Amino acid sequence: MAKNVAQSATLASLDQKLAMAKRYSHEGVIAGAKAAIVATIATAIPTLAIARTLPWARANLNPTAQALIISTAAGAAYFIVADKTVLATARKNSFNHAPNMEARI
């Protein structure tokens, strides 16, 4: 009987940790998507303007190269911001739920 109670407590703790991890990853996805949208716009405008105005860029940057420049910036922004958001949220929450160290002293 005691083993079942301990097992259910452990499963409840794991379920809670899994739910928190899902929430953190969802917040990271949302923040990363917002950053990717901003990066796409911030990269697309100068890339497309330069590709149409500068003779070197007009000759060497075909539409595939322009799309690659824009999508690389968007992808990098997404992964950087999503990773930082997940880590920051987890760190903030781990400090909120940490046992009080002063009470032990």
Side-chain angles (χ1 to χ4, degrees):
M1 180 73 174
K3 186 176 181 181
N4 289 338
V5 172
Q7 229 176 6
S8 65
T10 303
L11 289 176
S13 175
L14 288 175
D15 287 342
Q16 182 182 13
K17 288 180 181 180
L18 181 62
M20 290 170 60
K22 285 182 180 179
R23 191 182 82 207
Y24 299 157
S25 64
H26 180 70
E27 289 177 15
V29 167
I30 298 299
K34 288 178 182 178
I37 291 169
V38 171
T40 300
I41 293 169
T43 309
I45 293 170
T47 301
L48 296 174
I50 288 173
R52 283 159 180 70
T53 57
L54 293 178
W56 177 89
R58 190 179 312 131
N60 294 312
L61 293 179
N62 61 14
T64 304
Q66 295 170 28
L68 183 62
I69 292 168
I70 296 166
S71 64
T72 301
Y78 173 83
F79 285 112
I80 291 169
V81 171
D83 183 51
K84 286 186 176 226
T85 302
V86 169
L87 292 175
T89 307
R91 186 177 303 117
K92 178 182 71 171
N93 194 33
S94 70
F95 287 142
N96 288 342
H97 292 296
N100 191 353
M101 297 304 278
E102 293 176 7
R104 292 183 178 180
I105 297 176

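All residue numbers refer to positions in the sequence shown, counting from 1. Quantities reported herein were computed from a predicted structural model and do not represent experimental measurements. Below, all heavy atoms of this structure are taken into account, side chains as well, without hydrogens, waters or symmetry copies.
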Shortest non-hydrogen contact between [X] and [Y], atoms and distance:
X	Y	answer
Val81	Ala35	CG2-CB, 3.5 Å
Ala36	Ala74	CB-O, 3.7 Å
Tyr24	Val86	O-CG2, 3.4 Å
Ala73	Thr43	CB-OG1, 3.3 Å

Problem set entry | Donor-acceptor under 3.5 Å (Arg58 side chain, Ala51 main chain) | no
Exercise. Side chain of Arg23, backbone of Ala19: donor and acceptor closer than 3.5 Å?
Worked result: no
Could you state the interatomic distance from [atom1] ([X]) to [atom2] ([Y]), rounded to the nearest 0.5 Å?
X	Y	atom1	atom2	value
Ile70	Ile41	CD1	CD1	11.0 Å
Ile69	Thr47	CD1	OG1	5.0 Å
Ile45	Ile50	CD1	CD1	12.0 Å
Lys34	Ile30	NZ	CD1	7.0 Å
Asp83	Ser25	CG	OG	12.0 Å
Leu61	Trp56	CG	CH2	5.0 Å

Exercise. Going by heavy atoms in the side chains, are Tyr78 and Val29 under 4.5 Å from each other?
Worked result: yes
